[in-house]
Every structure is written in structure tokens, then in C-alpha cells.
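Keep in mind that the numbers below use all heavy atoms, side chains included, and drop hydrogens, waters and symmetry copies. Ligands are counted one by one from 1 in listed order, and the atoms in each one are counted from 1 as well. Numbering of residues begins at 1 and proceeds along the displayed sequence.
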Amino acid sequence: RGDTADFDSEVESICPFCGVGCQISMKIKDNKVKYVEGINGPANEGRLCVKGRFGFDYIHHDHRLTKPLIRRDDAPAKGLNVDPGNYLEVFREATWDEALERAANGLRAIGGTGVAGFGSAKCTNEEAYLFQKIIRQGFGHNNVDHCTRLCHASSVSALLENVGSGAVSATFNEIENADVAIVIGANPIENHPVAATYFKQFTKRGGKLIVMDPRGQALKRHSSHMLQFRPGTDVSMLNAIMHVIVEEELYDQQYIEAYTENWEAEKAHLKDFTPEKMAEICGIDAETLRDVARTFAGANAAMIFWGMGVSQHIHGTDNSRCLISLALMTGHVGRPGAGLHPLRGQNNVQGASDAGLIPMFLPDYQSVTDDGVRSAFTEVWESGDFSAQKGLTVTEILDAVHAGDIRGMYILGENPAMSDPDVEHARDALAKLDHLVVQDIFITETANFADVILPAAAFAEKAGTVTNTNRQVQMGRPAVTPPGEAKPDWWIEVELAKRLGLEWSYTSPADVFAEMKLNMKSLDNITWERLEQQNAVTYPSLSPEDPGQAIVFADGFPRADGRARFTPASIIAPDDTPDAEYPMILTTGRQLEHWHTGSMTRRSTVLDAVEPEANCSLHPSTLRKLGVEPGEFVRLTTKRGSIEIMARMDRAVSPDMVFLPFAYVEAAANILTNPAVDPYGKIPEFKFSAVRVEAAKTA
Ligand code: SF4
């Protein structure tokens, strides 16, 4: 931190990393961000974590793309073989005109369902909206998706099914009005650090925090109950808790009668899930399950927070259905301190989903199969109809590339060559494409496979809105100019769309936002001008003066009959269970210092200095058994592949488990992960693979 002499100007914006959406002030000197401070945003009240405070200098990294690039005619075969700091042996520099023409012509030549798109949860709402519009209007179908498929797709599918809305019912800050909270399958101290500060404050003033996670974690120290259940057994544990609530009649009959449906079926379904029987499956003793049931049901107001540990399973939708049922039967929804909150991951995964960057929904989760909905959009777009068929998801699109059905892709800000399960399958698909256009700020692993690379502005270099986990639409502002010829994503999308033959005339993100409002009721009473003045407005906002509703569903649910639904869930085993050959369980996730595939945080000086090397975590007894000292290497092998990686000792990981962060290309976690998906959300089972762990020869 410096004083005012250290900077020429300051710009208020949003931290570009996680879905908490902390507001920041960037201090600028000589077109460089010198340092960052937290300001008084609704989600952070001045607080920042290490990424928000110190993780900004990636924007000035010398790997930044500064000119459009086109693959050279004499480039080596497509593969993971490009040095991001020295790429001119593979790509040649081009003018914007040439690169955009080449990008558009290649996509046009393939055309129709032969082309698919991955947009980005790191871009703004306006950019996400334009991206889905390019695919729908330009190619006539819905084969467009983004990383929500890899994160909370199963939660959203359960929420839409049972409460009629995919967003949170209460902001995380509402925990200050709760007396009990469950945090399950989430590690907020590492992944939503500023939200975690509110959770810790809640326990300091006497709130009971029930943490449920197969991996121990830092929040355990603050918990009243820590349930370290067996991986993949969420449904058995949650059904046992609900069984007790039914058995002891701790449910809220009045609420159930007034606001829900299918209760009798849920009640009957839960009969068999006795805590004694379920304890044998989930590993949590029956008395603890009973105590948790009484504590949660007995609360005046209780909240449930969940993360990828719940959603990234082949039974992720069932896991979320259980959490929704638990909240409904106890009436812990729609009141201060009560609610359902899937902690969203990326800075704008909520907004990108809201903006229609998904294959089954147009903006505001309006179904592509509904003729009236499609015609409302084509009227605004002044264009013909597009397919009424739901599009393909992220993993389905890559399968379709292997099948030869998709030959061209436009990928904006996503990195499937690192982020997809069984990543060699994804990399082979990218190499197989006839035409790949990648738009990004660095030569990512995915850009290695590109035919055309369009250099984009970083978040601190452009204007646009983003929506955080709390449903808060917030204004991002440009603080510095992009390097070289890099351009804001919205500008590149508009120029590409024009060359695809679309008559787009947007001249600013504000133009796009104005169009979004025409078919997005969620943005009622939220205008660009208002966001410029106020920085943030929560949706829904009931009037131009209303700062927005922190809590929704007080008077019923946005379903046809206004009632939420109980959907019973049965036990489904993980897809890839341990056996003699692969006896342990692999689970993957993030670390505090690194963000997703590491393209930004591994180029941030402070963050990379704190956490510089690929590592996995193993229990001390496992390391002893292997004869491996902390800091030495182990080999991890699954049915998909094998990596060697430095081992760390971690008592929080159970002896039959290995935890593997996925930010490191040199030991890419997704070489190992299982592509099997949840049938509803189509989300892969990143959280459970059978694995063999051995001492590496290099140890
Ligand atoms: Fe940024 Fe999330 Fe940290 Fe806030 S908690 S500073 S949004 S990474």
C-alpha cells in the first residue's frame, strides 16, 4: 500500500477472480495498476483476500497478447507445444482486419451445427450475451456453453426444478441474521475467502456452523459440528438427517402446507434412511446425524451454503435436491437469515448463466424450446428463428468434435485444454478441429491449438457489468489501456459478428445492456446509468430506488403454482469406485492463491511466489506407507492417465484420499479425472476418481 503520491488516478471496479465480487479501488500510475484496495461494496465492505489485493499484476505480464495472430503455414502439428513467451514459430502477427476475416471465414465455411462456442464466466454480462447471440443468430442453433457446466450446473438444475430459480435465495451476508448455517462441499476460506470472514464472524457471535466435507478444512476450527463424511455419500447423510426431522416431527408443517408440494412422497421416501443404516455408508455416527437434524430444524433461521463438493458428482443434482428439501421441510427459506446459497465460483458465472450462455436457456433461463420465448428474442434481434432444440453441453461438444460432427469452434476466455475432465480427450478434440478461433489475454493451453488468436483486454482494461454469487449486478470500469492492439471482448465480438454477416451496430457495452433489458425481467429497474452511479444493484430490484432484494421467495416460488417441490433422492454410487488396482480416491479443487487453470494467478508475482509449484496433499500415514517424505514426488494413476507431482503432508485429507489442485499445467489434474456426468446438469464427476498412488522414481 502506498500513499496518494504513489498514483495519478484511482478507479473503482470489481475483483476479477471469484464470485464473491469484492469491490476494489485500483491505484494507477503511468498506465499501470500500482496497488489495489478494498472499498465498501455490498459483498465485501472493504475486505479483500490475497488474490484481490495482490493478484493484479498479471495484466502487465510480458506474455500478454498484443497483436492478432494467425497459425503459420509451416507451424508444427497442433499440440501443446507453444511457448507462451515465444510463439512466433507457430503463429504470425496479423492486422485486426486480416485476423477477423480469417476467423469469420473459417467459421462461415463450416457453418450451422458444424460450429460451436464456449464463452466465458470471466467476461462481462454484455460479452456473455453477445457470445450466445453470435452462436444463436449467426449459426442458428444452441451449441453454446461455458464453465458453469463444470461448476454448478447440477445445483442450477435442481434449483430450477424445485424452486423455479437458479440463483441464490439469500445473499451470503444474510448469515448475520441466522443462528445456524450448514456449509457443505465448500471450502470458503480458500475459495470464497471474503465470504468466509462473514462466516467466522457469525460463529464469534454464537452462530452454530455445521461443516460437512470429506476433507477437513480451515473452517473446521470455527464449527460447532464437523462431519467429515465418506466421499460421494452426501445423499445418504442428508437423507438420514431429514429422516430424523420427519421421525421426530421437527418439520414446519405450516410452511410445508403453504408453500410446497410432493411432501408426502418425500416423507415416505425418507423412511428407509435411518441414521443407523446410513451411518455405515457415510461414516458419520447416528447420534451426530440426529444432533445435526435437531440443531438445523430447531434454528430460528438457518442457511445452507454449498460448493463444488456437492455439485461435481454424477449425483450432483440429487445432492442439491436433498439440500433444497432440507431447507423446505424446516421452512428455512424466504426469511432474514434463512435460505439456499450455492457459492458461485467465477467472478461472473452467475451473470454469464443469466445472460443465456447455456445450451438449453436463453437469457433469464427462458427455454429455447418455447416458441414464444424464441420469437421474443428474434423480434429484438430483427432476425429469423433459430433451433428449438436444446444445444450440446461442454463435454458433449468435445465428443461431437471427435465424432466429426463439429469441425469449427469459437472459444472466448475458456481453457478446455486444462479444465475439462480426461483432458487428453479434450486436447485431442481441439487438435482435430478444422478451424479454432481463440480469444484470450494470453496464449493459454487452449490457444496452443488455435488457427486464429484474437488478443483481448483484461478485466481492468474494459467496461462492463458482472453479477456475483449474491445476485448483485456490479459495474466494472477500465483503469488502464490494453497493451498493444488488444481490444475489449465486446468489441471483438461485434467485429467478428459483422464479418459473419450479422447487422450489429453496438458502439458500447451500455448499448448491449440496454438490449439485454428488453428480454430480461431480472434487470428491471437496473440501468447502466444507475450502476455507474451506485456501483451495484441486487436483482430483483422492485423500483428505481430499491437497492434490490437480498432475500427472495418470501411469498412463494417462481413455479407454475407458486409452490416449491420436494424431489426425493436415492443413493447412487460414484462412477469410478476404488478397486485393487486403483485403491484410493482422487478429489480435485482450488487453492487460495491460484485461480482455476492458473493463467492469471500463476503470472501474478506475489501469488506465484507463495504457491509456485504443482503439489498434491496426502495424509501423513499414507506418505509413511509409501515411504515418501513431504516434498518428494509421487505418481498418481487413474484409468485415464498418470502424472508425477510433489507430495505435501496434510492431516485434513483422509488416509484413503489424495487432494489435487487443478491450476498446474506441468501436472494437470484433469489428465486423471473422470468424464462421467450427472444426467441432469451434465456436470463431470471431478470430485471422485479411483486412483493409485505410488512413490515416483524421481522421489
Ligand atoms: Fe477477489 Fe474473491 Fe478474494 Fe474477493 S474473495 S478479493 S472477489 S478473490
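A cation-pi arrangement, defined by a distance under 6.0 Å to the six-membered ring centre and an angle within 45 degrees of its axis, is present between Arg603 and Phe442.
His596 and Phe17 have their aromatic ring centers separated by at least 6.0 angstrom. Aromatic pair Phe199/His222: ring centres not closer than 6.0 Å.
Between the Arg590 side chain and the Glu190 main chain, no donor and acceptor come within less than 3.5 Å of each other.
Ion pairing between a basic and an acidic side chain is recognised when a charged N comes within 4.0 Å of a carboxylate O; Glu176 and Arg205 show no such pairing.
No side-chain heavy atom of Thr203 sits less than 4.5 Å from a side-chain heavy atom of Lys208.
Around atom 1 (Fe) of ligand 1, the protein contributes the following N, O or S atoms at distances under 2.8 Å: Cys15 SG.
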